[in-house]
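Structure first, then comments.
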Amino acid sequence: MKPLLTDYDERELADLPLICDQPPYRVRQLHKWLVSGADFDEMTDLPKQLRARLEETYSATGARIIKVARSSDGTEKYLYSLNDGSLVEGVLMTYKYGRTLCVSTQVGCRMGCAFCASGRDGLFRNLSCGEMLGELTAANARAGDKRVGNVVLMGSGEPLDNYENVTKFIRRLSESGIVGQRSVSLSTCGLTDKVRALADDGFSVTLCLSLHSPFDDRRVKIMPTARRYKVADIMDAARYYFNASGRRVIVEYAMMRGFNTRDEDARELRRLTADFPCHINLIPLNDTDSGLKGVTTKEAHAFLDRLTALGASATIRRSLGEDIEGACGQLKRRYTENSFTEDKTDHND
Ligand code: SAH
């Protein structure tokens with residue numbers, strides 16, 4: 001694979017072969033094109049000869065959309081091809097306040113959560129900063145003037161298991177003025193050392209913690225990482241992140257019948273989130289052939305009401321893109337043809 005230019009920030013670009021002998025303004029022009037997702041032939045203010053030489057040595061973009069599925073709710077799911085042929089999926093959600101892109105951070109995932117399809121085949125490899133940027137710029141290229149305003153690191157992969165590349169990506173987004181940190185949400189199954197590193201490294205993204213049970217002995221039944229990372233430590237790390245960043249933390253909680261929606265779950269969840277600003281995001285469990293059971297709308301609201309009565313701040317997350325297997329936990333490394341048959345839009349519109 002050719003080296004990918006979007007993996008380098010402006011300072012690093014300036015040191016690369018073929019580029020290091022260019023004047024600083026050329027490096028700036030090139031960097032601007034790269035973060036906008038342009039390929040070499042579009043970089044019209046760079047000399048043709050330079051573009052041709054760069055193209056022989058480097059790639060300019062890290063991800064291409066090769067298939068699109070469109071949900072009845074307007075959500076779009078993309079199948080991206082990376083330059084080595086690896087496949088990842090991404091989801092574009094349209095809300096009243098703008099567009100949110102769900103970005104994949106790894107090909108596959110090694111966390112092994114029982115309810116999630118992304119980790120079924122284990123981890124294949126990490127995505128680089130430039131590949132994640134490629135997911136965003138490819139989505140923006142389709143979006144016309146309705147560009148992506150929010151990024152959620154909730155696609156396939158565990159972002160904190162790919163700390164260096166993911167944090168580089170977040171920095172590139174904010175430094176290039178594409179998406180500010182306050183418009184980025186990072187979801188983790190709770191790698192506490194890395195949550196503390198995020199705080200120490202001065203990040204201010206919205207931290208989302210996949211808790212799914214407030215009890216270690218239950219959590220470990222659905223999340224293997226719970227063997228190492230205990231609930232008390234996860235909440236300590238969350239508090240640490242709040243103290244450093246001032247950002248309210250989100251606790252994600254996929255409701256599973258008979259497993260985590262009992263009264264004692266509500267009480268313990270409330271206790272854990274009571275002493276610093278935390279919001280509980282209740283997620284209807286999406287179908288992934290896991291054998292785990294979701295809850296009815298009525299049961300979901302009963303659990304929400306119980307939490308609210310206990311004084312917790314909680315809402316139920318609207319599930320988008322279920323009909324195209326684009327909802328939480330449904331993204332896969334290997335795609336199934338039938339999840340990409342629903343796109344009836346003209347891709348050039
Ligand atoms: N690895 C990160 C990002 C994963 S996806 C993490 O663990 O947080 C984002 C959210 O979807 C996580 O909270 C994840 O636990 C949740 N999720 C996974 N499978 C799901 C399913 N089948 N139904 C509902 N939510 C699911």
Side-chain angles (χ1 to χ4, degrees), residues 77 88-91 93 100-120 122-123 126-127 132 135 150-163 165-166 169 184-192 194-195 198 205-214 218-226 228-229 231 234 237-238 241 249-257 259-261 269 278-295 300 303 314-322 324-333:
K77 181 167 75 165
V88 289
E89 296 182 332
V91 183
M93 293 156 285
T100 297
L101 185 71
C102 180
V103 168
S104 286
T105 57
Q106 295 180 316
V107 186
C109 180
R110 63 183 177 131
M111 298 298 126
C113 299
F115 43 84
C116 179
S118 303
R120 290 284 149 79
L123 176 67
N126 284 331
L127 260 66
M132 291 179 254
E135 293 181 58
N150 293 279
V151 164
V152 295
L153 297 165
M154 296 189 185
S156 70
E158 166 51 50
L160 296 186
D161 189 35
N162 183 15
Y163 189 86
N165 293 325
V166 166
F169 171 58
V184 174
S185 296
L186 182 150
S187 180
T188 175
C189 62
L191 310 186
T192 54
K194 297 290 167 38
V195 169
L198 269 185
V205 296
T206 300
L207 177 69
C208 306
L209 292 163
S210 302
L211 203 66
H212 306 322
S213 169
R218 295 215 145 211
R219 202 166 174 266
V220 77
K221 290 188 179 147
I222 50 167
M223 301 176 75
T225 53
R228 174 148 174 220
Y229 301 102
V231 171
I234 293 175
Y241 185 79
V249 170
I250 309 286
V251 167
E252 294 167 290
Y253 200 89
M255 294 170 287
M256 301 171 212
R257 170 169 308 148
F259 180 75
N260 63 1
T261 53
L269 194 51
C278 260
H279 179 78
I280 301 163
N281 221 319
L282 299 171
I283 314 174
L285 184 77
N286 295 306
D287 186 20
T288 58
D289 298 327
S290 66
L292 291 159
K293 292 211 169 31
V295 292
F303 192 64
T315 42
I316 298 176
R317 180 186 288 174
R318 192 154 64 102
S319 183
L320 293 176
E322 248 174 288
I324 51 168
E325 295 185 352
C328 293
Q330 296 187 317
L331 301 188
K332 292 181 272 303
R333 179 165 87 79

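Counting starts at 1 for both ligands and their atoms, following the listed order.
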Hey, which atoms in ligand 1 end up nearer than 4.0 Å to a heavy atom of [X]?
X: Cys189; result: 6 (C), 7 (O), 8 (O)
X: Thr288; result: 22 (N)
X: Gly157; result: 1 (N), 2 (C), 3 (C)

Return the minimal non-hydrogen interatomic distance between [X] and [Y], and the atom names on each side.
X: Arg219; Y: Cys189; result: NH2-O, 2.9 Å
X: Arg218; Y: Phe259; result: NH1-O, 2.7 Å
X: Phe169; Y: Leu153; result: CE2-CD2, 3.9 Å
X: Asn260; Y: Ala254; result: ND2-O, 2.8 Å
X: Ser290; Y: Arg120; result: CB-NH2, 3.9 Å
X: Leu191; Y: Asp161; result: CD1-N, 3.8 Å

With a 4.0 Å heavy-atom cut-off (strictly under), which part of [X] contacts ligand 1: side chain, backbone, both or neither?
X: Ile283; result: side chain
X: Glu158; result: both
X: Thr188; result: backbone
X: Leu285; result: both

Heavy-atom check, side chain of Leu127 versus side chain of Glu135, under 4.5 Å: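 Counting from C-beta outward, Leu127 and Glu135 do come under 4.5 Å.
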Has [X] got any heavy atom lying under 4.0 angstrom from an atom of ligand 1?
X: Gly190; value: no
X: Pro284; value: yes
X: His212; value: yes

Nitrogen or oxygen of Phe115 less than 3.5 angstrom from that of ligand 1: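 It does: an N or O of Phe115 is found under 3.5 Å from an N or O of ligand 1.
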Donor-acceptor pair between Ser156 and Gln106 side chains, under 3.5 angstrom: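 No.
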What protein heavy atom sits nearest [atom], and how far off is it?
atom: atom 19 (N) of ligand 1; result: Gly329 CA, 3.1 Å
atom: atom 5 (S) of ligand 1; result: Met154 O, 3.3 Å
atom: atom 10 (C) of ligand 1; result: Glu252 OE2, 3.8 Å
atom: atom 21 (C) of ligand 1; result: Cys328 O, 3.3 Å
atom: atom 2 (C) of ligand 1; result: Ser187 O, 3.2 Å
atom: atom 23 (N) of ligand 1; result: Asn286 N, 2.9 Å

Full working for side chain to side chain contact (heavy atoms under 4.5 Å, CB included) between Leu160 and Leu186: CA-CA 9 Å; Leu160 296 186; Leu186 182 150; 3.8 Å; yes
Side chain to side chain contact (heavy atoms under 4.5 Å, CB included) assessment of Met132 paired with Val151: CA-CA 11 Å; Met132 291 179 254; Val151 164; over 6 Å; no
Option of least heavy-atom distance to atom 4 (C) of ligand 1 (set: Ser210, Pro159, Ser319, Gly155):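 The residue whose heavy atom sits nearest atom 4 (C) of ligand 1 is Gly155.
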Parallel, tilted or perpendicular: ring planes of Phe303 versus Tyr253, cut at 30 and 60 degrees: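 Geometry flag for Tyr253 against Phe303: parallel rings.
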